[in-house]
Amino acid sequence: MTQTAESDPATLRKVTTAAVAGTVIEWFDFAIYGFMAPILAVTFFPEGDDLVGLLQTFAIFAISFALRPIGGAYFGMMGDRVGRKRVLALTVLLMSIATVAIGLLPSYQAIGIWAPILLTVARCVQGFSAGGEYAGAVTYVIEHAPAHQRSRYSSYMPASTFASFALAAMCSYLLTASLTTEQMHSWGWRVPFLIAAPLGLVALYIRHRLDESPLFQKIMDAPVPEHAPLRQTLREQWLPMLRLGCYISLTALSFYIFSTYMTSFLRTVVGMPADKVLLSNVIALSAAALAAPLIGKVCDRVGRRPTMAVSALLLGCLAIPAYQVASDGTIGSAVSAQLMLALGAVTANVVTAVLLCEVFPTRVRYTASAVTYNVAYAVFGGTAPFVATWLIASTGDRLAPAIYITVIAVIAFIVTLISPETAGRPFRGINRSAEDATIEHGRVKSPA
């Protein structure tokens with residue numbers, strides 16, 4: 001087996017800082033769509049039922065996630081062939097271009113049906129790019145980190161994701177609070193999308209100056225470097241991919257119900273003012289970002305399975321009470337409800353980040369983790385706002401999204417019981433011959 005090729009503290013700080021900076025910028029670009037959804041609904045679709053427009057906007061949100069597994073497979077295989085750093089620079093460039101394009105699109109009143117079509121295309125490019133971002137950033141950081149602190153360092157990735165959503169919410173809040181409704185609908189909503197241009201250039205510069213992952217460099221330095229094609233990766237890793245994917249379904253659902261849909265729920269169902277909703281979301285997301293590194297340290301200490309179980313229990317027990325609290329309609333209740341959801345969502349995201357690297361061998365890690373992560377997010381994360389909105393519209397029960405989370409939490413808890421503990425174990429071999437001695441049917445065997 002191959003232990004992590006640990007880097008010196010200065011290099012590790014540089015790597016983590018660069019990964020965090022790029023992830024914050026990339027996911028700010030991706031997140032702003034969700035916060036602007038109510039305005040996008042009336043900008044890019046014909047006038048009529050506001051609920052129908054919101055559903056159509058969230059449908060495009062979901063469609064973009066369908067591109068994430070494709071992007072994960074494409075960028076994953078590329079990352080396993082040419083390196084992590086090159087792919088991470090490319091993904092942030094594509095994301096920025098697509099985000100700026102959304103900010104420049106004409107409205108439905110200006111170009112008719114082409115408005116939602118072009119919005120869908122730009123959003124799909126965002127989804128394709130996002131497919132290669134998160135798993136790649138986590139892989140890059142953990143392949144530099146000490147074995148006993150993997151969760152501590154990987155936790156900066158979910159922390160940066162929550163921080164990026166907090167920044168997007170803050171930007172939306174400042175615009176909403178400082179501009180009139182007419183100004184927001186006319187041009188104000190475009191501002192956060194156009195910010196992607198300078199931010200993207202900064203992220204591209206930071207990532208371009210990085211060195212390659214030491215574990216990937218070992219593969220490239222091998223006499224005959226090996227990179228498994230997608231079909232071989234799926235054939236060899238299907239069991240751990242399936243098992244991890246079932247758990248990530250809870251991670252994906254809880255993240256987007258907490259970070260994206262809750263703002264729409266508070267505005268359209270509860271009837272809270274937009275500025276108060278966004279302010280409450282900024283507070284909750286900021287708290288989530290600060291909590292992630294602390295949970296990462298705990299995860300290193302107690303192990304992966306206990307952390308997985310706790311996340312499922314928190315979400316299963318607190319989702320329904322959280323929605324009941326949110327229905328009170330005050331800023332205090334809104335913050336409290338979101339913090340209740342955040343407890344489980346942050347815990348699930350932190351343990352997911354480190355599992356993406358520990359479950360799969362180095363030579364296929366980027367591909368297997370990106371495909372697993374993005375398929376789960378496409379099915380459960382991308383559809384979360386749409387399904388939640390549809391459930392309430394169909395049942396008339398505002399607790400329906402919470403019941404949905406509870407059901408998925410039960411499934412994730414069951415998966416936890418059959419998942420192996422990976423904390424502290426050496427990374428699996430960098431080549432096929434090394435793995436044959438230690439791996440059988442997706443299970444790690446103890447070294448002789």
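Predicted, not measured: the structure shown is a model, and the values here were computed from it.
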>> With a 4.5 Å cut-off on side-chain heavy atoms, are Asp300 and Val354 touching?
In response: no
> Would you say the side-chain atoms of Tyr156 and Thr23 include a donor-acceptor pair closer than 3.5 Å?
Replying inline: no
>> Are the side chains of Val379 and Ser249 in contact, using a 4.5 Å heavy-atom criterion?
In response: no
> In a check of salt bridge (Lys or Arg N to Asp or Glu O under 4.0 Å) between Glu358 and each of Arg150, Arg305, Arg365, Arg425, which one passes?
Replying inline: Arg150
> Should Leu355 and Met308 be marked as a side chain to side chain contact (heavy atoms under 4.5 Å, CB included) after you check the CA-CA gap, both sets of side-chain angles, and the distance that decides it?
Replying inline: CA-CA 10 Å; Leu355 287 172; Met308 294 166 70; 3.8 Å; yes
> Is the backbone N or O of Leu88 less than 3.5 Å from a side-chain atom of Thr91, with the two atoms forming a donor-acceptor pair by type?
Replying inline: yes
>> How close do Ala196 and Val100 get, counting heavy atoms only, and between which atoms?
In response: CB-CG2, 4.0 Å
> For the residue pair Pro198 and Leu194, what are the closest heavy atoms and their distance?
Replying inline: CD-O, 3.7 Å
> Which pair of non-hydrogen atoms, one from Ala322 and one from Met340, has the smallest distance, and what is that distance?
Replying inline: N-CE, 3.6 Å
>> For the CD1 atom of Ile295 and the CG atom of Leu343, what is their distance to the nearest 0.5 Å?
In response: 7.5 Å
> Is there side-chain contact between Val364 and Glu236, with at least one heavy-atom pair below 4.5 Å?
Replying inline: no
>> Please verify the inter-ring angle class for Phe258 with Phe162; under 30° counts as parallel, over 60° as perpendicular, anything in between as tilted.
In response: tilted
> Side chains of Met78 and Leu90: closer than 4.5 Å at any heavy-atom pair?
Replying inline: yes
> Looking at OG1 of Thr16 and CE of Met157, how far apart are the two atoms once the value is rounded to the nearest 0.5 Å?
Replying inline: 6.5 Å
> Is there a donor-acceptor pair closer than 3.5 Å between any side-chain N or O of Ser129 and the backbone N or O of Val125?
Replying inline: no
> Less than 6.0 Å separating the ring centroids of Phe255 and Trp27?
Replying inline: no
> To the nearest 0.5 Å, what is the distance between OG (Ser172) and CG (Asp275)?
Replying inline: 12.0 Å
> Which heavy atom in Thr389 sits nearest to a heavy atom in Pro385, and how many Å separate them?
Replying inline: OG1-O, 2.8 Å
> For Phe193, does the CZ atom sit with more than 12 other heavy atoms under 6.0 Å from it, leaving out its own atoms?
Replying inline: yes
> Is any side-chain heavy atom of Tyr153 closer than 4.5 Å to a side-chain heavy atom of Ile142?
Replying inline: no
> Could you give the distance from OG1 (Thr139) to CZ (Phe360), rounded to the nearest 0.5 Å?
Replying inline: 10.0 Å
>> Please check this pair: side chain of Thr416 against backbone of Ala412, looking for a donor-acceptor N/O pair closer than 3.5 Å.
In response: yes
> Under 3.5 Å, side chain of Tyr366 to main-chain N/O of Gly132, donor-acceptor pair present?
Replying inline: yes
> Would a distance-only check, ignoring hydrogens and angles, find a side-chain to backbone donor-acceptor pair under 3.5 Å from Ser164 to Thr161?
Replying inline: yes
> So, for Phe75 and Phe128, is the gap between ring centers shorter than 6.0 Å?
Replying inline: yes
>> Assess the residue pair Leu119 and Tyr33 against the criterion (side chain to side chain contact (heavy atoms under 4.5 Å, CB included)); give the C-alpha distance rounded to whole Å, side-chain angles, the decisive distance to 0.1 Å, and a yes or no.
In response: CA-CA 11 Å; Leu119 177 64; Tyr33 183 96; 3.9 Å; yes
> Can you tell me if Arg68 uses its side chain to pair, donor with acceptor, with the backbone of Gly131 under 3.5 Å?
Replying inline: no
>> Please check: side-chain N/O of Asn281 versus main-chain N/O of Val277, any donor-acceptor pairing under 3.5 Å?
In response: no
> Below 4.5 Å, heavy atoms only, C-beta onward: do Leu199 and Ser96 meet side chain to side chain?
Replying inline: no
>> A side-chain contact here means heavy atoms from C-beta on lying under 4.5 Å apart; do Leu179 and Trp187 qualify?
In response: yes
>> Return the CE to CZ distance between Met170 and Phe165, rounded to the nearest 0.5 Å.
In response: 16.0 Å
>> Tell me whether Ser154 contacts the main-chain N or O of Ser151 through its side chain, where contact means a donor paired with an acceptor under 3.5 Å.
In response: yes
> Can you find a heavy atom in the side chain of Pro116 that is under 4.5 Å from one in the side chain of Gln56?
Replying inline: no
> Which atoms form the tightest heavy-atom contact between Ala292 and Val350, and what is the distance?
Replying inline: O-CG2, 3.6 Å
>> For a quick check under 3.5 Å, do Arg123 and Gln126 share a side-chain donor-acceptor pair by atom type?
In response: yes
>> Using the rule given for side chain to side chain donor-acceptor pair (under 3.5 Å), can you reason through Ser311 versus Tyr247, listing the C-alpha separation, both sets of side-chain angles and the distance that settles it, and then say yes or no?
In response: CA-CA 10 Å; Ser311 69; Tyr247 175 76; 2.6 Å; yes
> Cut-off 3.5 Å, side chains only: do Thr233 and Thr367 have a donor facing an acceptor?
Replying inline: no
> Once you round to the nearest 0.5 Å, how far does SG of Cys171 lie from CG of Leu175?
Replying inline: 4.5 Å
>> Testing the basics here: between Met262 and Ala326, what is the closest heavy-atom pair and its distance to 0.1 Å?
In response: SD-CB, 4.4 Å
>> As a quick check of understanding, evaluate side chain to side chain contact (heavy atoms under 4.5 Å, CB included) for Leu285 and Ser259, giving each step before the final call.
In response: CA-CA 7 Å; Leu285 285 166; Ser259 66; 4.0 Å; yes
>> Under the criterion side chain to side chain contact (heavy atoms under 4.5 Å, CB included), I'd like the reasoning laid out for Thr251 against Tyr377: C-alpha separation, chi angles, the key distance, then a yes or no.
In response: CA-CA 8 Å; Thr251 306; Tyr377 263 72; 3.5 Å; yes
